[in-house]
Structures are given as C-alpha cells and as structure tokens.
Amino acid sequence: MAASAESMARSTTALCSGATLPYAPAMGHTPDDSALMLRYKDGDIKAFETLYRRHNDPLYRYLLRLCRHRDTAEDIFQDVWGKIVKSRATYRPTAKFTTFLYRVAHNCFIDHLRRNKRHSGNTELDAELHSHPGEQPETLTERSLAKERLSRALLDLPDEQRDTFLLHEEAGLNLDEIAAVTGSNRETAKSRLRYAVNKLRAAIDEQSERQ
Amino acid sequence: MSNERKNRVDDPLVADTYTALAQERAPDHLNKRVLRMAAREGRTRYSRARAWMRPAAWAATIGLSLALVLELTRLPQIEPETANITVPKKELADKNDNDAKQTVPAAESQDPVSMDAFAPKDMAVLREADERARAQAGPDQVPATPRVDAGTAPDEDAPARRVTADENIPAKNATVDRDSAEHVSAKRLAAETASGAASLAVAAEEKALTSGFACPAKVRESAESWLACIKQLRESGQEDLADSEYDEFQRNFPNFADADADK
C-alpha cells in the first residue's frame, strides 16, 4: 500500500506539473511546463533551466536503462534536449510537455537503434548496474537482491516492454500517453506494460521462493 | 489471486523495488553542457533582438513625452471660468476698448453668461475706456459709433462725454455750437431711460448732427427758424451745409408752403 502511494506520488509529481496556471512565475505557483517552455521561447533562459531541472534525471534514467549503455544514453540525452531547444520556436502547448519530451526521446532512441544495429548485443552497462561494490553476494540483504534481480530482469525485457515500463515508472505517463509516445494504441501499451510488470514481479518472487 | 495480479499493470512491489533501484542522476558535465547549449541558442535569436528593442522603446517613450509637454506649454492659457471671476475695472475697460474695435466672437455673443460678465457695470469705467480709445486712435479719426446701448443706465457725466466726442468732428462741422450738442446729448440721455423707439429717434438726430447738419436742434423745432438758419448759411457762403439742411428740412416739413421760396 505504501509502495502504491509512493508510486502515485511520483506519478503525480510529473502529472501535476501541468495543473498550475501558465505564466505565473512570481506568484508562488509552480510554473507549468508548457508555460516554462513558452517563456524560454521568449528568451527566458531561467525558465528553461527550471524545466530542465524538473525532467533531467528521470529522462536520463529512462535513456540509461533503455539503451543499456551510458555513453549512448548521454549522447541521446543531449540530442533530445537539443531538439527540445530547437523546437521552441514552433512549440505549441497542445499536449503535456512530458509527453512531448518522451516522444522526442523515444524517437531519438529508435533512430539510434536504426543507426547502430550492434546495440542489441551491448551489455556494457549490465555489470555496472548489477554490481554492488564492496558487497559480497552472501552479505546482500533481501532487498538488495530484489533490486539486483529486478535490474537484471529489466535489462532482459524486450525493448518495447522495457520502453513501456520505463515510460510508466520514470515519466509517470498513463496508458494513453504511453500509446501516444510509442505510436501504438492503448491496448498494445497496456499489454506490453502488463507483460513487463509480470516478468519483473516473477523475477523478484523467484528470489523469495529460492530463499 | 495470482491471475488478478497478472492482469494488473501496476504492481506495488515492482514499483517500489524499481524506485529503490533507480537512483541515478544526470551527470553534472551533461547538465552544464545542455544548459550552456540552451542559453546559447536562446540568446541568439530572441535576446539579441530585445537588446536593442528595449532601449529603443524607452527612447521613444521619453521623446514622445517631452514633445507632449512642449506642445502643452506652447498652448495659450485658457481661463475657463471667466464669467465667474470679478473683473477689475481696468481690465474691463481694456476689454471694452478692444470690443469697440473688434467684432465680438460668435461664441461669446451667444453666451448670455459671458455677455453679462463683459457688460459695463460702471459708466465711469466705460468713459475711461472710451477716452483711452480716442487717445490711441488720434485726433484726426472719427470716433466709433456710439457705444452706449439703449439698455444701459443713464449717467450724469454723459454730457461731458458727448462734448469730448464732439471735439473730434471734422472742421466743416465746427460751427455747431456747444449748446446744441449738449441739448442733443441731454435729450439722448433722457431717451435712454425711455423706450427703445425714442432712443432710436434721438440717435438719428444725433447722427444728423454729427453727419454735417449745421442748424442747432432748437432752431429746427420750428419751420420758420430752421429756414432762417438755412438762409443764413447760404448768405455766409456755406452752400453745401445749407443744401443738406434744406434736404433735412423737407423731410421733416414736407408740406411747408414757403419751403421752395426760401430755397
């Protein structure tokens, strides 16, 4: 239950960024993402900095786990923000900024996949993500082991399922928004997410059953 | 229970475990690079335009304000409540003096309040203004038309004023004696208190006197004395004056039998 509340809080943090009044920077309100983008369009660099600080870490984690390679994730990360910056002149707040941002990120990742076919066999990040420096496997707690198995299972997921799960967890997108980002329909997104969650849950339960 | 869990897209345990797992943050060098790029891109197109637009806007605002202030200071001072202000006598005299030479503007003539404000309240002031006007006009010029209206109050100093006015009559009318002028002025003043028609008659008589008739009004009262005056004029060689007097005589006594004989 507590985990559900925490998850909802994370989702709400991302979703509620669009619930405040636009263009209200100095009135105690949290500026809307779209309003920040429009202010940046008008030359307000600070607005972009606020927007960036709000989304940089979730986007970085999304790309890091999606690409499974740190340098590639950083390249795509820069590419994504570069496109966001360049698109400010034509930006229209017709949809939630988070959806717009992750659609750009998703497309950049797809482009990267098309350019680098060798991506699928790259497991450089696997060892880094799984390692727990200074800890021996027998000293890891149950929770640490659960995280270890979840991380491994996440990297083993098919790209579409991993993408859908990360969009749900990191970006806080709902099924409709995930469908819009990935260019699929709602049922497809729901199916992918359900498969991903079940596999991850099975990986965690496997650890518990083994003990 | 297991089937229910398999149909759910939200698993609290998975979400919680993932939250604990995913603690990575974007590296600082990446943040700096992106923010630097955003600042560079943001300034190139928009901030540079603002760099000259803002001073230009300020300069335009200040320039227009100064122009407006200068324009306002150049405008003539307008006294909107002239009718309610008690005008000093000197100023009123000057104003009446100007009114005698200039046509009253239509706006002022249509405004009864303004006319009341400019109406002479004191005949002494009026006389003073009249004298100043004559002094400015010079001794050779014929004074303006009489400025005392029928509706104004009589003044005991009016005969003297009339005499002063008569001093400016041309030389050919110099034979008009002072008594007749005083008589006409007295009658005129009396008529001013009477009806408008009487006033007009006196004004016509005064006009006749000042326009070249030589015989006094007292002489004109009877046909015989008037004819005798005309005869004296002819004998003294003043034919023009005699002719004008005779024309006037015929208008006043058209049925007088001896008129042609005396001509």
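Lettering follows sequence order; numbering is per chain, from 1.
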Minimum-distance pair of heavy atoms, taken over all atoms of A/Glu74 and B/Leu30 = CG-CD2, 3.8 Å

A/Ile84, A/Leu150, A/Leu59, A/Leu175: which one forms the most heavy-atom pairs within less than 4.5 Å of chain B?
-> A/Leu150

B/Tyr18 pairs by side-chain hydrogen bond (donor to acceptor under 3.5 Å, both in side chains) with which of A/Lys147, A/Arg61, A/Glu170, A/His168?
-> A/Glu170

For the student: nearest non-hydrogen atoms of A/Val197 and B/Val14, plus distance = O-CG2, 3.9 Å

Turns out that what part of B/Arg25 lies under 4.5 Å from chain A's heavy atoms comes down to both

Looking only at heavy atoms, what is the nearest atom pair of B/Asn31 and A/Arg53, with distance?
-> ND2-NH1, 3.6 Å

So CD1 of A/Ile45 and CZ of B/Arg36: to nearest 0.5 Å the spacing works out to 13.5 Å

Student check: side-chain heavy atoms of B/Glu41 and A/Arg88 closer than 4.5 Å = yes

Would a 4.5 Å heavy-atom cut-off, applied to side chains only, mark A/Trp81 and B/Arg33 as touching?
-> no

What part of A/Leu51 gets closer than 4.5 Å to chain B, counting heavy atoms only: side chain, backbone, both or neither?
-> neither

Starting at CZ of A/Arg65, measure out to CG of B/Leu21 and round the result to the nearest 0.5 Å.
-> 4.5 Å

What is the minimum heavy-atom distance between B/Ala38 and A/Tyr40, and which atoms define it?
-> O-OH, 2.6 Å

Looking only at heavy atoms, what is the nearest atom pair of A/Asn56 and B/Ala26, with distance?
-> ND2-CB, 4.1 Å

So which part of A/Leu154 gets closer than 4.5 Å to some heavy atom of chain B, the side chain, the backbone, both or neither?
-> side chain

Verdict with supporting geometry, A/Leu200 and B/Asp11, side chain to side chain contact (heavy atoms under 4.5 Å, CB included) = CA-CA 9 Å; A/Leu200 295 173; B/Asp11 190 315; over 6 Å; no

Kindly indicate whether the side chain of A/Asp205, heavy atoms from C-beta on, has any atom under 4.5 Å from the side chain of B/Leu13.
-> yes

Over 12 foreign heavy atoms within 6.0 Å of OH, A/Tyr195 | no

Segment of A/Phe165 engaging chain B (4.5 angstrom heavy-atom cut-off) = side chain

Nearest non-hydrogen partners of B/Glu24 and A/Leu64, listed with the distance | CG-CD2, 3.9 Å

Which residues pass the ring-ring contact (aromatic ring centres under 6.0 Å, His included) test with A/Tyr62, sequence neighbours left out?
-> A/Tyr102

